Amino acid sequence: HGGWVMSTDNMESFSGNQVMYSMTNKWSAGLNYWRLGTEEKEREVALLKLNHLLYRHNGENSQGNIYLHGGYGMADGNEAFNRTDAYFAGAEVDWETRKIYTAAKYYHFNMAGKQDTRMYQARIGFSPVLASFNELQSWVMLQGMMISDIEPTVMFTPMVRFFYHNILWEMGASVKGSWMLNLMVHH
(Lines give C-alpha, C1' and ligand atoms only; values in the text may rest on other atoms or scores of the structure.)
Protein backbone atom coordinates (compact mmCIF):
# COMPACT_ATOMS: atom_id res chain seq x y z
CA HIS A 1 0.00 0.00 0.00
CA GLY A 2 1.01 3.62 -0.34
CA GLY A 3 1.92 3.12 -4.02
CA TRP A 4 0.88 4.85 -7.22
CA VAL A 5 -0.06 3.36 -10.58
CA MET A 6 -0.41 5.24 -13.85
CA SER A 7 -1.75 3.44 -16.88
CA THR A 8 -2.99 4.08 -20.37
CA ASP A 9 -4.81 1.52 -22.56
CA ASN A 10 -5.25 2.56 -26.18
CA MET A 11 -7.01 1.13 -29.21
CA GLU A 12 -8.68 2.77 -32.17
CA SER A 13 -12.17 2.47 -30.61
CA PHE A 14 -11.23 2.70 -26.92
CA SER A 15 -8.85 4.39 -24.51
CA GLY A 16 -8.68 4.34 -20.74
CA ASN A 17 -6.26 6.45 -18.70
CA GLN A 18 -5.92 6.34 -14.95
CA VAL A 19 -3.91 7.51 -11.99
CA MET A 20 -4.60 5.46 -8.84
CA TYR A 21 -3.24 5.52 -5.28
CA SER A 22 -3.24 2.36 -3.12
CA MET A 23 -4.46 3.25 0.38
CA THR A 24 -4.18 -0.38 1.55
CA ASN A 25 -3.36 -3.70 -0.10
CA LYS A 26 -7.10 -4.09 -0.89
CA TRP A 27 -8.26 -0.52 -1.70
CA SER A 28 -7.16 2.11 -4.21
CA ALA A 29 -8.73 5.35 -5.44
CA GLY A 30 -8.00 7.77 -8.22
CA LEU A 31 -9.00 9.46 -11.45
CA ASN A 32 -10.06 7.69 -14.63
CA TYR A 33 -10.71 9.09 -18.13
CA TRP A 34 -12.31 6.93 -20.85
CA ARG A 35 -12.90 7.48 -24.55
CA LEU A 36 -15.29 4.90 -25.96
CA GLY A 37 -15.89 4.67 -29.70
CA THR A 38 -14.77 6.49 -32.81
CA GLU A 39 -15.68 9.95 -34.08
CA GLU A 40 -19.16 8.96 -35.31
CA LYS A 41 -20.11 7.30 -31.99
CA GLU A 42 -17.72 8.62 -29.38
CA ARG A 43 -18.34 8.97 -25.65
CA GLU A 44 -15.98 10.54 -23.14
CA VAL A 45 -16.21 9.88 -19.40
CA ALA A 46 -14.16 11.28 -16.49
CA LEU A 47 -14.59 9.55 -13.12
CA LEU A 48 -13.45 9.38 -9.55
CA LYS A 49 -12.79 5.64 -9.27
CA LEU A 50 -12.52 3.17 -6.38
CA ASN A 51 -10.96 -0.32 -6.76
CA HIS A 52 -11.29 -3.19 -4.29
CA LEU A 53 -9.35 -6.46 -4.25
CA LEU A 54 -12.19 -8.75 -3.16
CA TYR A 55 -10.23 -12.00 -3.16
CA ARG A 56 -6.67 -13.19 -3.78
CA HIS A 57 -5.50 -16.78 -3.92
CA ASN A 58 -1.75 -17.36 -3.69
CA GLY A 59 -1.06 -20.96 -4.60
CA GLU A 60 2.32 -22.66 -4.65
CA ASN A 61 2.70 -22.03 -8.40
CA SER A 62 -0.21 -19.73 -9.27
CA GLN A 63 -2.13 -16.64 -8.25
CA GLY A 64 -5.76 -15.64 -8.78
CA ASN A 65 -7.56 -12.35 -8.09
CA ILE A 66 -11.08 -10.89 -8.11
CA TYR A 67 -11.39 -7.10 -8.30
CA LEU A 68 -14.46 -4.84 -8.04
CA HIS A 69 -14.54 -1.30 -9.46
CA GLY A 70 -16.90 1.63 -9.11
CA GLY A 71 -16.91 5.28 -10.00
CA TYR A 72 -18.86 8.49 -10.37
CA GLY A 73 -18.17 11.46 -12.64
CA MET A 74 -19.19 13.24 -15.80
CA ALA A 75 -19.76 12.24 -19.39
CA ASP A 76 -20.00 14.38 -22.49
CA GLY A 77 -23.53 15.58 -23.14
CA ASN A 78 -25.56 15.87 -26.30
CA GLU A 79 -24.42 19.44 -27.04
CA ALA A 80 -21.09 21.26 -26.76
CA PHE A 81 -20.11 22.03 -23.17
CA ASN A 82 -23.10 20.05 -21.88
CA ARG A 83 -22.07 17.50 -19.22
CA THR A 84 -24.10 14.76 -17.63
CA ASP A 85 -23.65 12.43 -14.64
CA ALA A 86 -21.90 9.14 -15.27
CA TYR A 87 -21.62 5.98 -13.19
CA PHE A 88 -19.26 3.08 -13.66
CA ALA A 89 -19.20 -0.43 -12.18
CA GLY A 90 -17.05 -3.37 -13.10
CA ALA A 91 -15.38 -6.61 -12.12
CA GLU A 92 -12.16 -8.36 -13.15
CA VAL A 93 -10.85 -11.87 -12.53
CA ASP A 94 -7.45 -13.28 -13.39
CA TRP A 95 -5.45 -16.42 -12.81
CA GLU A 96 -1.85 -16.99 -13.78
CA THR A 97 1.17 -19.20 -13.39
CA ARG A 98 4.67 -18.36 -14.60
CA LYS A 99 3.70 -19.89 -17.98
CA ILE A 100 -0.07 -19.31 -18.42
CA TYR A 101 -2.21 -16.17 -18.08
CA THR A 102 -6.01 -15.83 -18.18
CA ALA A 103 -8.19 -12.82 -17.41
CA ALA A 104 -11.73 -11.54 -17.93
CA LYS A 105 -13.34 -8.19 -17.20
CA TYR A 106 -16.74 -6.55 -17.43
CA TYR A 107 -17.31 -2.77 -17.26
CA HIS A 108 -20.70 -1.05 -17.24
CA PHE A 109 -21.00 2.68 -17.98
CA ASN A 110 -24.27 4.49 -17.21
CA MET A 111 -24.40 7.98 -18.68
CA ALA A 112 -27.61 10.00 -18.18
CA GLY A 113 -29.33 10.65 -21.47
CA LYS A 114 -27.28 8.05 -23.37
CA GLN A 115 -27.56 4.33 -23.91
CA ASP A 116 -25.64 2.33 -21.29
CA THR A 117 -22.34 0.99 -22.58
CA ARG A 118 -20.96 -2.39 -21.58
CA MET A 119 -17.42 -3.58 -22.23
CA TYR A 120 -16.44 -7.26 -22.16
CA GLN A 121 -12.83 -8.41 -22.40
CA ALA A 122 -11.12 -11.80 -22.11
CA ARG A 123 -7.47 -12.75 -22.48
CA ILE A 124 -5.44 -15.92 -22.66
CA GLY A 125 -1.70 -16.18 -23.08
CA PHE A 126 1.53 -17.98 -22.41
CA SER A 127 5.11 -17.06 -21.63
CA PRO A 128 7.56 -18.58 -24.13
CA VAL A 129 10.50 -18.13 -21.72
CA LEU A 130 10.63 -18.62 -17.94
CA ALA A 131 12.35 -15.49 -16.66
CA SER A 132 13.39 -14.73 -13.11
CA PHE A 133 11.72 -11.93 -11.17
CA ASN A 134 14.45 -9.38 -12.07
CA GLU A 135 14.56 -10.25 -15.79
CA LEU A 136 12.40 -9.09 -18.68
CA GLN A 137 9.24 -11.21 -18.72
CA SER A 138 7.42 -11.70 -22.02
CA TRP A 139 3.99 -13.06 -22.96
CA VAL A 140 2.16 -13.89 -26.19
CA MET A 141 -1.57 -13.32 -25.80
CA LEU A 142 -4.91 -13.22 -27.56
CA GLN A 143 -7.52 -10.70 -26.44
CA GLY A 144 -11.21 -10.70 -27.30
CA MET A 145 -13.12 -7.46 -26.62
CA MET A 146 -16.60 -6.13 -27.30
CA ILE A 147 -18.10 -2.70 -26.48
CA SER A 148 -21.90 -3.11 -26.60
CA ASP A 149 -23.16 -0.24 -28.76
CA ILE A 150 -19.82 0.88 -30.22
CA GLU A 151 -17.94 -2.29 -31.21
CA PRO A 152 -20.85 -4.82 -31.11
CA THR A 153 -18.90 -7.77 -32.48
CA VAL A 154 -15.94 -9.37 -30.74
CA MET A 155 -12.64 -7.84 -31.83
CA PHE A 156 -9.76 -10.32 -31.57
CA THR A 157 -6.32 -8.84 -30.96
CA PRO A 158 -3.11 -10.91 -30.94
CA MET A 159 -0.58 -9.11 -28.74
CA VAL A 160 2.69 -9.27 -26.88
CA ARG A 161 3.14 -8.23 -23.25
CA PHE A 162 6.39 -7.31 -21.52
CA PHE A 163 7.04 -6.71 -17.84
CA TYR A 164 10.28 -5.40 -16.38
CA HIS A 165 10.58 -4.33 -12.73
CA ASN A 166 7.70 -1.82 -12.32
CA ILE A 167 6.82 -1.24 -16.00
CA LEU A 168 4.34 -3.25 -18.09
CA TRP A 169 3.71 -2.60 -21.78
CA GLU A 170 1.59 -4.34 -24.40
CA MET A 171 1.43 -4.03 -28.18
CA GLY A 172 -0.76 -5.64 -30.78
CA ALA A 173 -3.07 -5.29 -33.75
CA SER A 174 -6.56 -6.71 -34.16
CA VAL A 175 -7.37 -9.12 -36.95
CA LYS A 176 -9.18 -6.12 -38.54
CA GLY A 177 -5.96 -4.08 -38.44
CA SER A 178 -6.76 -1.84 -35.44
CA TRP A 179 -3.67 -1.00 -33.36
CA MET A 180 -3.28 -1.44 -29.60
CA LEU A 181 -0.70 0.05 -27.21
CA ASN A 182 -0.91 -0.12 -23.41
CA LEU A 183 1.48 1.05 -20.69
CA MET A 184 1.42 0.72 -16.89
CA VAL A 185 3.93 2.08 -14.38
CA HIS A 186 3.87 1.26 -10.63
CA HIS A 187 5.65 3.48 -8.17
Side-chain angles (χ1 to χ4, degrees), residues 1 3-22 25-26 28 30-38 49 51-69 71 88 90-107 118-147 150-151 153-187:
H1 70 281
W4 289 89
V5 65
M6 293 171 279
S7 69
T8 180
D9 296 335
N10 298 282
M11 298 180 81
E12 192 173 326
S13 61
F14 160 82
S15 70
N17 303 285
Q18 67 179 355
V19 176
M20 302 293 291
Y21 176 74
S22 297
N25 63 341
K26 292 194 178 263
S28 64
L31 300 172
N32 216 167
Y33 167 79
W34 300 83
R35 179 192 51 82
L36 304 160
T38 55
K49 184 179 173 192
N51 294 340
H52 176 60
L53 172 61
L54 181 66
Y55 176 77
R56 172 166 284 156
H57 171 75
N58 284 314
E60 188 174 323
N61 296 309
S62 67
Q63 177 179 309
N65 301 289
I66 301 173
Y67 296 95
L68 300 178
H69 309 287
F88 160 78
E92 293 184 39
V93 296
D94 64 51
W95 177 80
E96 65 184 283
T97 69
R98 293 186 62 207
K99 293 291 283 179
I100 299 170
Y101 178 86
T102 60
K105 65 174 73 169
Y106 169 76
Y107 292 165
R118 293 169 180 83
M119 185 180 89
Y120 309 87
Q121 186 185 86
R123 289 178 166 188
I124 188 163
F126 71 95
S127 179
V129 176
L130 267 180
S132 72
F133 183 75
N134 291 327
E135 295 177 321
L136 176 67
Q137 298 175 31
S138 59
W139 297 84
V140 176
M141 304 177 106
L142 178 64
Q143 172 180 285
M145 186 168 99
M146 184 178 81
I147 303 173
I150 295 167
E151 190 75 51
T153 58
V154 177
M155 181 178 8
F156 291 100
T157 305
M159 56 187 273
V160 291
R161 168 187 260 196
F162 300 99
F163 187 73
Y164 186 69
H165 295 285
N166 64 330
I167 301 172
L168 177 137
W169 65 101
E170 302 171 332
M171 300 172 287
S174 77
V175 294
K176 295 178 183 177
S178 295
W179 58 272
M180 181 190 89
L181 181 61
N182 302 333
L183 175 68
M184 180 185 297
V185 178
H186 289 267
H187 179 67

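Keep in mind that what you see is a predicted model, and the values were worked out from it rather than measured.
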- Message: To the closest 0.5 Å, what do you measure between OH (Y106) and OH (Y120)?
- Response: 5.0 Å

- Query: Which is it for M180 and M145 under the side chain to side chain contact (heavy atoms under 4.5 Å, CB included) test, yes or no, and what are the steps along the way?
  - Reply: CA-CA 12 Å; M180 181 190 89; M145 186 168 99; over 6 Å; no

- Task: Indicate yes or no: at least one non-hydrogen side-chain atom of M11 is less than 4.5 angstrom from one of M155.
- Result: yes

- Message: Checking side-chain polar atoms at under 3.5 Å, does D9 have a donor or acceptor matched by the opposite partner on S7?
- Response: no

- Under a 4.5 Å cut-off applied to non-hydrogen side-chain atoms, are K49 and L31 in contact? no

- Look at the side chain of R98 and the backbone N and O of A131, then say whether any donor-acceptor pair between them is shorter than 3.5 Å. yes

- Query: Which pair of non-hydrogen atoms, one from T97 and one from S62, has the smallest distance, and what is that distance?
  - Reply: CG2-CB, 3.9 Å

- Do side-chain atoms of N166 reach the backbone of H187 as a donor and acceptor pair under 3.5 angstrom? no

- Message: Using only atom types and a distance under 3.5 Å, with no angle test, would you say the side chain of N182 pairs donor to acceptor with the backbone of N10?
- Response: yes

- Message: Looking at W95, is its backbone amide N or carbonyl O close enough to the side chain of T102 to form a donor-acceptor pair, meaning the two atoms are under 3.5 Å apart?
- Response: yes

- M146 CE to T153 OG1 distance, which is reported to the nearest 0.5 Å: 8.5 Å

- Item | Partner of Y67 under side chain to side chain contact (heavy atoms under 4.5 Å, CB included), chosen from E92, H52, K105 | E92

- What is the distance from atom CG of L183 to atom CG of N17, rounded to the nearest 0.5 Å? 10.5 Å

- Note on the structure: Interatomic distance, CD@Q143 vs CZ@F156, rounded to 0.5 Å, equals 10.5 Å

- Message: Quick one: does any side-chain atom of K99 pair with a main-chain N or O of S127 as donor and acceptor, under 3.5 Å?
- Response: yes

- Item | Close side-chain approach of E170 to W139, heavy-atom, < 4.5 Å | no

- Report the relative orientation of the aromatic rings in F14 and W34; use parallel for angles under 30°, tilted for 30 to 60°, perpendicular for over 60°. tilted

- Message: In the structure I gave you, are the side-chain heavy atoms of D94 and N65 within less than 4.5 Å of one another anywhere?
- Response: yes

- Under 30°, 30 to 60°, or over 60°: which ring-plane class applies to H69 and Y107, parallel, tilted or perpendicular? perpendicular

- Message: Less than 4.0 angstrom from a charged side-chain N to a carboxylate O is my criterion; do K176 and E12 meet it?
- Response: no

